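The structure appears below as structure tokens.
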There are 2 protein chains.
Amino acid sequence: MPTDLHPIVPRDPPRTVAAFRDRLRELNGRLPRRLQQCADHVARNLDSIALSTVAQVAQAAEVPPSAMMRFCQIMGFSGYAEMQRLFREALSRGMPDYATRLANLKAGGAGHASTLVAEFVEAGRQSMEALARDLDETSLTQAVDLLARARTIHLAGFRRSFPVASYLSYVFDKLGVAAVLHDGVAGLGQRSLLRPGDALLAITFAPYSEETLALAADARAAGMPVVLLTDPPATRLAPVADIVLTVTEIDFGAFRSLSATIALALSLAVAVAARRDT
Amino acid sequence: MPTDLHPIVPRDPPRTVAAFRDRLRELNGRLPRRLQQCADHVARNLDSIALSTVAQVAQAAEVPPSAMMRFCQIMGFSGYAEMQRLFREALSRGMPDYATRLANLKAGGAGHASTLVAEFVEAGRQSMEALARDLDETSLTQAVDLLARARTIHLAGFRRSFPVASYLSYVFDKLGVAAVLHDGVAGLGQRSLLRPGDALLAITFAPYSEETLALAADARAAGMPVVLLTDPPATRLAPVADIVLTVTEIDFGAFRSLSATIALALSLAVAVAARRDT
DNA sequence: CTGATGATGGAATGTTTATTCCATTTCTCC
DNA sequence: GGAGAAATGGAATAAACATTCCATCATCAG
């Protein structure tokens, strides 16, 4: 008698998307073939549920609708409708008339300040979505490894990359990680601070700043590992860096919001600090 | 015979949300009472249509379902279902499995770098949505007026606000607007640059930096207009500034992505430059 | 005041979609 | 290899929903 296999049987339904994922993981492997097929498909297309009918989801998962219904019940819901409600609520909380508000701001009239806010917010959102979509996790992990091993981290970023570099400098300081911001205030004298065992984190976007590239080349020549944060395609830059992280930042007009770049840079910093502490 | 009032009668349906808005504007004022009520409500809750039934939107608009149906037809659709399809498609294009991707990143494991990226992206998105939602357009316009009249714009921002101030410095330079970044590199000597006819744009978040507040107080004493960019509630700061712009930045861990702050600051800069050129 | 035109609300209808049921197949364990 | 249990697919049913229709009400010109 399989008395300990009853986690399969119903219980009360997940009330958040996170809880839903948990239940999905809990069930993984213990399900019969068709239901596992449902689980796999649903796990990969969570957001399509909010807007699709059972028939559509079932067809996409290549199972009959009745199998999908059983799946919903095993997940703890009374049926598909109840499961769908969870995702619909999550979706409507996600954008609480945000689109409308943006449109209203944009309608404020060309050149008006609130229109600009809407545009920059939109550009920032797209940039961050692109980051989430295209992030190269492998390179990111390697970059963290590499920087975590460095004694001192040197930061390079000029012109529009300077805000990012200076923010990193602040964050590293708060996190207790030794970092030097090469801000060029007193000429290039800081270059003498480059020592074996250090690493360089350089940030530059096309058209690349000469100072940054020169610094990277110097560091490379001195045998220091170099991590480069830039925009794709980074073909020209591959030779001067050990790891290249790319981030697609959407411009509005001539300027970019830097949202995605900062998010990536911050993550890098926090991950490096966490790695060091252990 | 009202031969020129036939724009009310059907034609082919709007195929984009923008076209939908146009048609809405075109119809405005020419509709009988109940239908106008529908139009008003729909205009204000565009995104709720994708997820609601006729009965729900009708109830929210305080009209019977049949009135809502008539409204759909006047908009050019065959009925509510067709109208809803437009918004559902817009919604699913808007987040192309972005939520799923984020969740996958988060699942990478606590402390892992890609998890952090997901968290910072999420925080950034929320911050920007909050900005779009809560932006005080009046204050923004006043700030633009005020800064556009200044001969030179002084920029103050230290610690975590420094990246924003330095980016503004870069942007103003590109835009040909005279601006001075008070970066404190050479002590506080730059204070002597404050002259009548200038204005100060200060950025600071709780806990407020003393330098920034002191500079603002000085500027105020010298009769210069002061615009302050900070987080709500800004009660303590109201006395030292002419205009206070607030922006809610969501933290993740101890750090913030600055997305919303930068978007607002950039908009301010571009609007000021545009105003000056005319 | 009256008749015509248009607007309105609610009940009736038809369609889509979820859900259940059951006959058949597939596994599992002895 | 066979008995029992579980799983499966598809057809039948039920629920939710959109849509239409019509009787009633308001508006306005003459």
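None of these values were measured; they are calculated from a predicted model. Note that these values count all heavy atoms, side chains included, but never hydrogens, waters or copies made by symmetry. A, B, ... follow the sequence lines: proteins, then strands. Residue 1 opens every chain.
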Between P on dG10(D) and CD on Glu62(A), what's the gap in Å once rounded to a whole number? 14 Å

Using the six-membered ring of Phe205(A), assess whether NZ or CZ of Arg256(A) lies under 6.0 Å from its centre and within 45 degrees of the ring axis. yes

Side chain proximity check, Glu122(A) to Met128(B), heavy atoms < 4.5 angstrom: no

Starting from C1' on dA7(D), measure out to CZ on Arg30(A) and report it in whole angstrom. 19 Å

Whole Å only: how far is the CZ atom of Arg34(B) from the P atom of dA26(D)? 12 Å

State, with a plain yes or no, whether a side-chain heavy atom of Met69(B) is found less than 4.5 Å away from one of Tyr80(B). yes

Provide, to the nearest angstrom, the distance between the CG atom belonging to Leu31(B) and the P atom belonging to dG6(C). 15 Å

CG of Leu86(B) to OG1 of Thr16(B), rounded to nearest 0.5 Å, is 7.0 Å

Send over the distance from Gln37(B) CD to dG9(C) C1', rounded to a whole Å. 13 Å

Per-nucleotide protein contact along nucleotides 13-30 of chain C, 5' to 3', at a 4.0 Å heavy-atom cut-off (B base, S sugar-phosphate only, - neither), is ----SSBB----------

Do Thr248(A) and Ser127(A) come close enough that some side-chain heavy atom pair is under 4.5 Å? no

When you measure from the centre of the six-membered ring of Phe120(A), is the NZ or CZ of Arg125(A) under 6.0 Å away and within 45° of the axis? no

Side chain of Pro64(B) only, heavy atoms from C-beta on: which candidate in dG9(C), dT8(C), dG9(D) is closest? dG9(C)

Would you mind reading off the distance between Phe71(B) atom CZ and dT19(D) atom P, rounded to a whole angstrom? 14 Å

Rounding to an integer number of Å, can you tell me how far Gln36(B) CD sits from dT8(C) P? 11 Å

